[in-house]
Amino acid sequence: MQRYRLGRLAVIVNMAAVVVAVVVSLVRDSLDPAWTVVQWYPPSRFADKTSLLAVLGGLLLVGAVNSWMFWQVLQGPADAAPLPRRALWLRRLLYVYVGWLLIPVPLPDEVETAFDVVLWVPIVILFAQVLTRSGPTFRLILVTTALVSTALPSVLEAVRRDSYAGWAAPVLSAVSMALVAAGLVWFLMILIAQRRDGRWTRTTMVLGACQLAVIPITVVLNQLVDFPESVVLSDLLDVLVVFQLVWLARTAHELNRPSTAPDPEPLRSPRWLLALMVLAPMAVIAPEAKPHMTYTWLDADCSSIPLFADTPPQDRRRVYLCLAGNGRLYENIRFWSAGGRPVADQQLLGKGWKSCAAGDGRVRAEALVYLCPEVVARDRPDLLLTAAQLKQRDAEERARRRQEVADEAAQYVSGCRDPWPALRTSRQVTAVHLPTDWDGYYIFDGRAASLEALYGENIESDSPLVAHGGAAMVSTTLEYGATCVTVKVLRTAPPIRRKGWDDVVDADLVLGSGRMHLKGRGIKVEVALPKAGKYRVRLHTRTLDEGVGEDLVVVFPTSRQGLVRQPSPTG
């Protein structure tokens with residue numbers, strides 16, 4: 001058998017890449033380079049918890065086995081006469097199937113399963129037709145076991161397990177074991193038929209028999225090694241699939257060799273062989289009580305959680321696991337068992353579906369909406385709104401509240417009077433401030449930066465007027481109620497008038513915009529000034545009645561003489 005030069009080149013390139021990647025991993029003290037080059041996917045999060053040298057040694061062995069696989073797969077067919085049409089199509093499909101198994105293609109699970117079934121079914125049918133040394137009964141059993149073990153698992157995986165009743169679980173377990181047994185029977189019959197046909201070498205049949213030993217070896221080793229080393233070992237043992245790849249490739253290579261075996265005798269299977277084929281799957285298949293669990297919520301990026309209406313349907317289950325897995329949206333549930341093992345995705349989904357069906361309250365609606373929106377919508381329809389709809393609703397609510405405050409303030413304005421009518425000015429305005437929880441109002445030059453500078457100062461003072469730069473804050477003595485605020489702008493300083501007022505204080509403000517703004521709850525006014533510059537603000541405050549106050553704000557340009565900041569208690 002003449003081998004292609006491409007096979008030798010593949011061996012050299014693969015081993016060189018593996019050795020370089022292992023050296024890089026040793027230098028960087030990281031498993032990522034070597035694992036990615038050898039396994040063709042990044043390592044799991046449990047790989048870092050095992051010995052680096054041990055895993056790198058295993059990766060070297062895996063790389064050597066992969067190189068041997070490339071050398072075996074990339075070889076030429078045996079020299080012989082042209083193939084019949086059926087054998088030629090069988091060879092082509094076998095090469096396509098080897099390439100499908102060898103080259104990783106990122107496809108959805110459903111697409112991969114469908115492609116695998118569509119490609120494998122004609123292969124097993126052609127196998128039964130090409131193996132000419134087998135009788136019709138043997139071929140019928142061969143095709144039946146192959147189709148049953150290939151098609152039925154796909155049907156069972158397409159149906160959700162939670163849709164079955166409780167009594168169906170043992171039945172499903174027995175059916176799964178029977179399907180595995182049917183697959184092993186088919187493979188064993190193929191090896192027998194190849195030996196009787198005479199076209200395939202002993203090496204090819206030995207490699208096929210090695211594939212039968214992969215399942216018990218994997219199960220036994222996983223039982224002997226503790227977690228998390230068992231997870232890493234399972235990933236490394238994926239290399240044993242090379243026996244299947246090499247057997248398929250060699251079967252295709254040697255398909256055109258002449259058959260030398262005599263006509264077969266009637267097939268008589270000994271009883272011990274039938275018993276072994278029935279008992280072997282029962283010994284190697286894991287019990288249903290230990291299903292394969294996934295823990296994707298531990299590594300998922302949950303920093304940005306979109307709203308339900310803005311999440312594509314295919315991503316809603318992932319978002320639910322993010323929300324449920326963080327522990328804030330569950331009640332009475334422990335996310336880590338006593339042995340340190342986290343809750344699996346399947347457990348989180350099961351509890352969510354139970355809450356959807358029974359409404360037991362174990363899961364809050366914020367997470368449950370991503371599983372069963374039709375159930376959550378009965379009590380929380382707001383969780384089904386988009387971000388734009390929520391933004392519009394909040395804006396409408398804020399506008400409604402502002403209008404309510406403005407209407408309430410307008411009712412009080414008509415009752416406000418001028419507290420100093422003798423002090424006349426052409427620039428005067430009256431408004432109403434509606435304090436809630438002792439909050440005051442602001443006087444500033446209209447720039448937001450002025451208010452931010454005032455906030456940044458964090459001034460602590462007992463004075464009702466605190467100023468900084470171009471902004472001042474006016475405190476109130478009322479927890480709730482209404483305060484009439486009258487603003488008068490003068491060109492010169494008025495006399496100080498303390499009689500009848502609880503407090504009279506003043507402060508300097510730099511009103512560079514030439515306008516003065518008052519902003520508070522219910523109050524939003526603007527007063528024009530004679531010119532931009534530095535002004536003196538004098539605040540007069542008093543309480544008229546329970547829940548009713550009155551403020552007089554007098555604004556005038558500063559002078560060289562200045563005004564008294566700490567007035568005496570007498571008027």
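In this text, all values refer to a predicted model and were calculated from it rather than measured experimentally.
A salt bridge is defined here as a Lys NZ or Arg NE, NH1 or NH2 lying under 4.0 Å from an Asp or Glu carboxylate O, and Glu397 with Arg401 meets this definition. Arg400 has a carboxylate O that lies under 4.0 Å from a charged side-chain N of Glu404, or vice versa, which qualifies the two as a salt bridge.
Within the 3.5 Å criterion, the main-chain N or O of Gln389 finds a donor-acceptor partner in the side chain of Thr386. Remark: the backbone N or O of Asp445 is paired with a side-chain donor or acceptor of Ser513 at under 3.5 angstrom. Arg542 places a side-chain N or O within donor-acceptor distance of the main-chain N or O of Gly500, the cut-off being under 3.5 Å. Judged purely by atom type and a 3.5 angstrom limit, Ser25 uses its side chain to pair as donor or acceptor with the backbone of Ser30. A side-chain donor-acceptor contact under 3.5 Å links Thr425 to the backbone of Val489. Remark: side-chain polar atoms of Asp310 are paired, donor with acceptor, to backbone N or O of Ala387 under 3.5 angstrom. A donor-acceptor contact shorter than 3.5 Å links the side chain of Arg316 to the backbone of Thr311. Counting only distance, with no hydrogens or angles, the side chain of Asp508 and the backbone of Lys534 share no donor-acceptor pair below 3.5 Å. Looking at Arg538, its side chain never comes within 3.5 Å of a backbone N or O of Asp506 through a donor-acceptor pair.
What you find for Leu383 and Phe308 is that their closest heavy atoms are O-CB, 3.8 Å.
Using cut-offs of 30° and 60° for the angle between ring planes, the Trp100 and Phe115 rings count as tilted.
Using modelled atom types, one finds a donor on one side chain and an acceptor on the other under 3.5 Å when comparing Asp407 with Gln403. Side-chain contact annotation: Asp551 with Thr483, donor-acceptor N/O pair under 3.5 Å absent.
With sequence neighbours left out, Arg318 forms a salt bridge (charged side-chain N to carboxylate O under 4.0 Å, His left out) with no residue at all.
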Can you list the steps and then say if Val369 with Leu384 is a side-chain contact (heavy atoms from CB on, under 4.5 Å)?
-> CA-CA 8 Å; Val369 66; Leu384 273 65; 3.6 Å; yes
Derivation and outcome, salt bridge (charged side-chain N to carboxylate O under 4.0 Å, His left out), residues Asp418 and Lys488 | CA-CA 10 Å; Asp418 190 345; Lys488 293 176 178 285; 3.0 Å; yes
Check the pair Leu371 / Val376 against side-chain contact (heavy atoms from CB on, under 4.5 Å), numbers first and verdict last.
-> CA-CA 9 Å; Leu371 281 186; Val376 176; over 6 Å; no
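Distance check: Leu478 CG to Asp545 CG gives 10.0 Å after rounding to the nearest 0.5 Å. Taking CD1 from Ile443 and CE from Met473, the interatomic distance works out to 11.0 Å, rounded to the nearest 0.5 Å. Atom NE2 in His433 sits 12.5 Å away from atom OH in Tyr412 (nearest 0.5 Å). Residue Asp439 holds its CG atom at 7.5 Å from CZ of Arg521, rounded to the nearest 0.5 Å. Distance CG/Leu511 to CE/Met516: 7.0 Å, rounded to 0.5 Å.
The local environment of CD in Glu546 is sparse, with at most 12 non-hydrogen atoms from other residues, nucleotides or ligands closer than 6.0 Å.
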